[in-house]
4 protein chains.
Amino acid sequence: MNKREVQASVKDERLVQKRRDQMIKGAVQLFKEKGFHRTTTREIAKAAGFSIGTLYEYIRTKEDVLYLVCDSIYDHVSERLQQDLELKKGTLESLQLGITNFFQVMDEMQAEVLVMYQEVKSLTKDALPYVLKKEMQMVGMFESLLRKCVENGELVLSEKQIKMIAHNIFVQGQMWGFRRWALRKLYTLDEYIELQTELILAGLSQYQPQKE
Amino acid sequence: MNKREVQASVKDERLVQKRRDQMIKGAVQLFKEKGFHRTTTREIAKAAGFSIGTLYEYIRTKEDVLYLVCDSIYDHVSERLQQDLELKKGTLESLQLGITNFFQVMDEMQAEVLVMYQEVKSLTKDALPYVLKKEMQMVGMFESLLRKCVENGELVLSEKQIKMIAHNIFVQGQMWGFRRWALRKLYTLDEYIELQTELILAGLSQYQPQKE
Amino acid sequence: MNKREVQASVKDERLVQKRRDQMIKGAVQLFKEKGFHRTTTREIAKAAGFSIGTLYEYIRTKEDVLYLVCDSIYDHVSERLQQDLELKKGTLESLQLGITNFFQVMDEMQAEVLVMYQEVKSLTKDALPYVLKKEMQMVGMFESLLRKCVENGELVLSEKQIKMIAHNIFVQGQMWGFRRWALRKLYTLDEYIELQTELILAGLSQYQPQKE
Amino acid sequence: MNKREVQASVKDERLVQKRRDQMIKGAVQLFKEKGFHRTTTREIAKAAGFSIGTLYEYIRTKEDVLYLVCDSIYDHVSERLQQDLELKKGTLESLQLGITNFFQVMDEMQAEVLVMYQEVKSLTKDALPYVLKKEMQMVGMFESLLRKCVENGELVLSEKQIKMIAHNIFVQGQMWGFRRWALRKLYTLDEYIELQTELILAGLSQYQPQKE
DNA sequence: TATGAATGAGGGTTCATTCAT
DNA sequence: GATGAATGAACCCTCATTCAT
């Protein structure tokens, strides 16, 4: 259940990928501006650079576009993070680095994140689980980071605490995207990153084993 | 700019209020189930207990309903919180109490919060500022609480830190509503409250003035 | 299962009947000219004298129109025949009268019969049985007529023969409608009726009991 | 006006015939299942075993397919009958044989007959005459049979009667195909043939010259 | 000759909004 | 004030047909 296949009439896999990329790019922009429901399939087709007929050669329903958009965003974010998190050393520094990285990705993909964030609930029962699973995988990355630190003796945390903190980090990352109307007035990205990591680590310092 | 007037054809203010309450009550339920866009004005009218014609005697457009719903939810939440926060004593205990209270309200009004949370973005440029302002007021409540603690010498925090923490608390409250699909599997409400307040206060302990 | 209810949004039963009559009248004409598939719902609405929106206040799908048309035609034909056949005396003369009457109705309702005849198969599995049942009822009328003659001692026919002849009469009636492109060149209605009844009765004369 | 040429881009006549045969075979099946209008050109191409592009190398419009199908069916039926009717001896026995044969062909080609029968009306004014002419030719076969009998002194019938009976036979043959939903429940093919020929001949017996 | 991606007119249907009663 | 029938713009999607390869 790793992917929900979206059926295409066109056979050439390469072409399908290319067209869908065009489609997603156009759709993200539109969804960001007007939301999924206020965007018409014709607009999506136009933004993608082809006709409405062609659009439907690559998807089955309008909702497929939303799914593809969400799916693609998660993939991009995941990919970006995976690279950095691969070298998870289990130190507080590497945790800090991971958080910083994540917040930066959230900033770069601000438009996409906003869209996904606001529109996931428009997915039907059919497609939703696939997307939520991906979200859990991303939260899972931070859980790993934290768990590594615990294993390493850098932190003393229960499983429940690990999961809670991972959720918090994840949501704070998204927050920078979806509450930017408020946050941008108060902080630069760097300030935001600094303040939040500081707070997180300050909280964690309580849970560090006492060293003499 | 405290209220955006929604025009009604009917003059009797009492009646207007009554009808709108019916309307909001029905709409919240519907929006929760199917979202704003998938809900029709006819359905709203029916759920409110009157005809489509009557509905339009009390609003101008479908979006007015959404605005009224959002507005009403914020009012309810604010009201609920105001009561408790009035007696803000500027101690860490009262802060903890405030957080606990807020999370509990978020749990009780889960449906409403979810709706508002998911659908604010459907408001047009016209109505959005009024709603966002209310949100800022709620964040402001936590800022006050924190500021009181600082004034009281219980905490040492910069203005920026205060605002950041207030935001975090607010979003973590919402989180219990909009990420409940994930959180409910991991925690009971009480556990969630305990874990989160613990983490927040742990973080803040770093910022407590050294007392000898 | 005598009627398949077609849902209407409008409550007023009288109005529903009135609008549907307009609708059916317009649709018959259009279906006759271009067939069910080539007729658009917009054309039907226009022919009926109201807007497309109004059309859909009285039906749910385009197919509903076809069902209503078929249903109405059968009802009209049945009604017309019932009157005449009520006084079925079980004589060959009354049989002859029945046939003549039926052929005349088929001529009068030529447009409707043609339409129904050609488009029934466009009905989905859902609606088809209701219509076919009505057709069997009409065939049944002729069976009754014949059976009466047998009971009366005017004819000696097996059940199978009765059913066969009833079918033949029915189809010959329709034939005048759907093969009129060929038959009209050869016969007037009266000639057609005369020739066919003559042939039928000639055939039946074989089955008359020998009277001395 | 014996054939309405359907234009093909491909020159090789042999190939044209081959491709069209594939096409017709696939189309008959599809038309039988879903009717002409509900069948797409893509489906026809696929059923025929080649691409949509290729399909259009051998026809000009979708309707051409229908014409080719109808045309081919008539040709097949005609051919089947011609063989048997060639040796028309002008006796009642040979008439009976002809009828039996025809009904059997109608049964064998049930699918095709049903299709043609239901879809001819979908032909445009342009192609219709060609098909109707073929139908008249088939009716004409029975006219010949009957006329032979008259010439032979086996029957005494007017021209009008001959034509009427020929029509009846023809329609009764089709009836076995298009009313099989009702008839199949009542009769086997053999019973049907027996009953119908019996009735026809019984009718004709009235018109036999009195022999002493 | 064969392919299949591209096109876009047009079809069925919905639904916010109005207005006569 | 209340009703609900009427409206039609606009939406999603299909599919016959074309044309570059």
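In what follows, chains are A, B, ... by sequence order, proteins preceding strands, each numbered from 1.
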(message) Whole angstroms only, please: what is the CD1-C1' distance between I59(A) and dC13(F)?
(response) 9 Å
(message) Under 4.0 Å from OP1 or OP2 of dC13(F): is there any side-chain N or O of Y56(A) that close?
(response) yes
(message) Tell me whether R4(A) is salt-bridged to D126(A), with the criterion being a basic N under 4.0 Å from an acidic carboxylate O.
(response) yes
(message) Checking Q118(B) now: which residues fulfil side chain to side chain contact (heavy atoms under 4.5 Å, CB included) with it, not counting sequence neighbours?
(response) K121(A), L114(B)
(request) Return the value, rounded to whole Å, for the distance between atom CD of Q7(A) and atom P of dC13(F). (result) 15 Å
(message) Could you tell me how far apart E63(C) (CD) and dT13(E) (C1') are, to the nearest whole angstrom?
(response) 15 Å
N/O to N/O distances under 3.5 Å, protein versus nucleotides 4-6 of chain E:
from: dG4(E); atom 1: N7; to: G53(D); atom 2: N; distance (Å): 3.1
from: dA5(E); atom 1: OP2; to: K11(A); atom 2: N; distance (Å): 3.4
from: dA6(E); atom 1: OP1; to: R19(A); atom 2: NE; distance (Å): 2.8
from: dA6(E); atom 1: OP1; to: R19(A); atom 2: NH2; distance (Å): 2.4
from: dA6(E); atom 1: OP2; to: Y58(A); atom 2: OH; distance (Å): 2.3

(request) Examine the side chains of Q17(B) and R14(B) and answer whether a donor and an acceptor come within less than 3.5 Å of each other. (result) no
(request) Taking the six-membered ring of F36(B) (Phe, Tyr or Trp), confirm whether the NZ or CZ of K62(B) is under 6.0 Å from its centre and within 45° of its axis. (result) yes
(request) Decide yes or no on side-chain hydrogen bond (donor to acceptor under 3.5 Å, both in side chains) for E33(D) and Q29(D), but give the supporting numbers first. (result) CA-CA 6 Å; E33(D) 282 164 26; Q29(D) 191 56 31; 3.1 Å; yes
(request) Kindly express the pairing pattern of DNA chain E in dot-bracket notation, using | wherever a base pairs with another strand and counting only Watson-Crick or G-U pairs under 3.5 Å. (result) .||||||||||||||||||||
(request) Between H37(B) and L55(A), just flag the one whose closest nucleotide in DNA chain E comes earlier from the 5' side. (result) L55(A)
(message) Just the rounded figure in Å: distance from C1' of dC15(E) to CZ of R38(A).
(response) 14 Å
(request) Determine: side-chain N/O of T40(C) to OP1/OP2 of dG11(E), distance under 4.0 Å, yes or no. (result) no
